[in-house]
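Since this is a predicted model, take the numbers as computed values, not measurements. Every chain is numbered from 1, with letters handed out A, B, ... down the list of sequences.
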Amino acid sequence: MNGIRELYAQQFKTTFASMLQYRASLVIWMIGHVLEPLVYLVVWSTVSNSGGGSVGSFTIGDFAAYFLLMMLVNNVTYTWIMYEYEYRVREGNLSFALLRPVHPIHSDIADNISSKLITLPLMLIIAVILGWFFHPTLTVTPWAIAVFLPALVLAFLVRFFLEWTLALSAFWTTRVAAINQTYFVMVLFLSGQMAPLALFPSPVRVAAAILPFRWMISFPVELLLGRLTPAEALTGILAQIVWVMIGSVLLRIVWRAGVRVYSAVGA
Amino acid sequence: MNILRLFRAYFRISLMGEAAYRINFFIQLFQSLLELATSLTGLTVVFSYTGTLGGWRPDEVLALVGVYFLVGGLIGLVIQPAMEEFIDSVREGTLDFTLTKPEDAQLLISIRMMDVWRLIDIVMGVGVLTVALIRLGEHVGAAEAAAFGLMLLAGGIIIYSFWLMLATLSFWFVRAENILQVFQSMYEAGRWPISLYPAWLRFALTFIVPVAFAVTVPAEALTGRLGGLTILGAVALAAGLLVISRAFWKIGLRQYSGASA
């Protein structure tokens with residue numbers, strides 16, 4: 001256990017150092033992550049303006065609060081592992097990770113969390129500035145805040161396990177771009193990035209509730225916005241726990257099968 | 001004419017290179033169709049709640065999406081791959097080989113590398129545009145069509161000059177590709193009419209990264225939203241940027257010392 005803690009501490013230092021070195025990449029990454037929710041916020045604000053100030057149960061202020069919170073929660077749960085793995089397998093870099101005595105997922109988790117420690121404060125500042133432009137309306141209840149934190153942690157785990165497992169498809173094919181794109185389209189619609197799930201027709205809502213996507217981003221946001229009853233919040237947490245379990249089992253199975261077919265392409 | 005001849009030659013070389021990897025065609029086809037489906041689904045969701053979006057009717061936004069794919073395909077077909085290749089060649093010193101050729105170096109680096117399968121995006125963009133035009137019917141006359149063609153040309157020139165100037169920066173800063181990535185993420189915002197965005201974002205998308213001239217302005221020309229003054233302005237800007245980027249390229253070239261030579 002001590003070894004793992006040291007590994008995390010060391011990975012923190014490495015990630016910090018490399019992120020401070022590549023400041024330009026950081027800015028570029030942020031432009032993309034701010035612009036996307038901003039575009040949908042503007043689109044939906046325009047729609048509600050022409051519809052007399054609201055769309056469904058969302059007023060313009062609700063949309064502002066929704067998309068700004070989506071931006072922040074997406075930042076917390078986001079991973080880039082799917083781009084990374086293709087490179088690791090193709091270049092044979094994974095061989096070094098396999099030689100280490102700990103599971104390679106640990107250094108990825110540590111890398112992800114430590115880069116979030118840098119990006120999250122920046123995103124918070126941006127959210128405050130954008131909030132000043134877009135006037136979000138947000139009233140939070142104490143119990144929603146209490147449930148929000150565990151929901152956020154679970155959302156991170158659901159997404160991390162799922163995307164880490166999906167990233168392993170690089171073991172079988174060196175062209176993962178098409179797989180990744182398919183996945184991102186599903187995330188766009190079913191995790192509430194394009195529009196609040198409440199605005200979709202009910203088949204889409206049902207699909208979003210069964211599949212893991214809603215539990216990765218939208219659920220913690222809906223919770224903070226006060227759109228869920230305590231019972232719905234509890235069901236959501238349970239769904240998240242189930243998906244964390246499914247994800248960790250899948251991850252183990254796929255990882256074992258993948259390492260067996262890995263022959264270090266290019267190495 | 002020389003340009004066309006060289007373009008054809010380089011296109012043939014790229015096509016022959018890619019013909020060995022035919023599966024890439026199907027992967028690109030799949031990705032492009034998925035992208036189109038995503039766009040259309042997004043439009044359907046938005047227009048299920050409203051009749052017009054900031055004054056744009058559904059078919060007009062459809063025309064905008066067509067232009068978005070058409071121009072995105074043009075950038076992906078030749079501008080982006082060629083400029084990325086050029087930046088690499090400055091870093092690695094292989095630009096020497098281009099400079100020794102008897103043709104104009106700016107022309108050569110601008111068309112040397114092509115991602116031929118991105119033609120799919122161009123074809124799809126034209127298809128979407130055609131459908132939108134048929135549905136818009138009598139709203140589009142000869143004047144609009146002519147203005148559209150002119151604005152598409154001006155937009156293409158503006159985007160090309162913009163990329164060329166950014167890529168030319170690599171003569172001074174060896175790692176310039178970062179700036180080009182900013183363009184990619186800002187181009188996404190062009191899927192929707194620029195007029196929806198708040199003033200500061202509109203300004204950024206017009207003058208810092210010229211997405212507006214590439215996508216929105218041609219679509220506005222087609223839907224009869226453009227005044228003569230904007231058309232003149234866009235043409236003047238295109239001509240100006242073409243001259244300025246050429247001059248900037250020549251200044252940059254003087255900086256080049258050839259890493260390998």
Side-chain angles (χ1 to χ4, degrees), chain A residues 21-52 54-56 58 63 129-130 132-134 173-190 193-201 204, chain B residues 21 23-24 26-57 61 173 175-202 204-205 208-209 211:
Chain A
Q21 198 59 44
Y22 296 105
R23 285 173 302 249
S25 321
L26 192 65
V27 172
I28 288 152
W29 174 87
M30 298 225 327
I31 290 176
H33 271 236
V34 172
L35 204 59
E36 194 184 356
L38 190 63
V39 164
Y40 289 117
L41 167 56
V42 168
V43 168
W44 285 107
S45 304
T46 314
V47 174
S48 46
N49 253 332
S50 60
S54 68
V55 181
F58 280 81
F63 276 122
I129 296 170
L130 288 176
W132 189 72
F133 275 103
F134 287 96
T173 168
T174 46
R175 305 158 180 284
V176 290
I179 298 174
N180 290 352
Q181 201 195 337
T182 313
Y183 172 78
F184 285 123
V185 169
M186 288 162 87
V187 172
L188 177 67
F189 289 109
L190 295 172
Q193 281 187 327
M194 195 248 150
L197 287 167
L199 297 183
F200 283 98
V204 179
Chain B
Y21 309 98
I23 184 87
N24 284 358
F26 292 102
I27 291 178
Q28 182 63 51
L29 182 68
F30 172 77
Q31 289 188 294
S32 297
L33 285 175
L34 192 65
E35 177 112 20
L36 180 66
T38 309
S39 254
L40 297 183
T41 313
L43 289 192
T44 315
V45 175
V46 166
F47 281 109
S48 71
Y49 283 100
T50 185
T52 61
L53 185 66
W56 289 64
R57 281 175 292 140
V61 182
F173 314 101
R175 294 196 68 88
E177 23 337 38
N178 281 334
I179 319 168
L180 297 180
Q181 281 176 19
V182 174
F183 177 85
Q184 280 313 98
S185 61
M186 294 193 76
Y187 186 71
E188 293 277 313
R191 267 174 211 277
W192 304 91
I194 299 274
S195 55
L196 303 186
Y197 300 128
W200 55 273
L201 188 54
R202 225 162 43 222
L205 290 172
I208 299 178
V209 178
V211 177

Would the distance check show the side chain of B:Y197 and the main-chain N or O of B:A189 forming a donor-acceptor pair, the cut-off being under 3.5 Å? yes
Quick check on B:F30 against chain A: is it the side chain, the backbone, both or neither that has a heavy atom closer than 4.5 Å? side chain
Within the side chain of B:T50, is there an N or O that forms a donor-acceptor pair under 3.5 Å with the backbone of B:F47? no
Under 4.5 Å from a heavy atom of chain B, the part of A:T182 involved: both
What option among A:N49, A:V43, A:V27, A:V47 has the most heavy-atom pairs under 4.5 Å with chain B? A:V43
What I'd like to find out is whether the side chain of A:Y40 reaches to under 4.5 Å of the side chain of A:L188, using heavy atoms alone. yes
Quick one: which of B:E188, B:M186, B:R191, B:Q28 has the most heavy-atom pairs under 4.5 Å with chain A, could you say? B:M186
Quick one: what part of B:T52 sits under 4.5 Å from any heavy atom of chain A, side chain, backbone, both or neither? backbone
Measure the acute angle between the ring planes of A:F63 and A:W44, then classify it against the limits of 30° and 60° as parallel, tilted or perpendicular. parallel
Which one, A:V55, A:L41, A:V39, leads in non-hydrogen pairs under 4.5 Å with chain B? A:V39
Checking A:L38 against chain B: side chain, backbone, both or neither under 4.5 Å from a heavy atom? side chain
Report the C-alpha separation of A:M194 and B:T38 in whole Å, then their side-chain angles, then the decisive distance to 0.1 Å, and conclude whether the side chain to side chain contact (heavy atoms under 4.5 Å, CB included) test is met. CA-CA 10 Å; A:M194 195 248 150; B:T38 309; over 6 Å; no
Highest number of heavy-atom pairs under 4.5 Å with chain B among A:V185, A:I31, A:V204, A:L199 belongs to A:L199
In Å, rounded to the nearest 0.5 Å, how long is the span from CG of B:L40 to CD of B:E35? 10.5 Å
When the ring centroid of B:F183 is compared with that of B:Y187, is the distance short of 6.0 Å? yes
Is B:Q184 in contact with chain A via its backbone, its side chain, both, or neither, using a 4.5 Å heavy-atom distance? neither
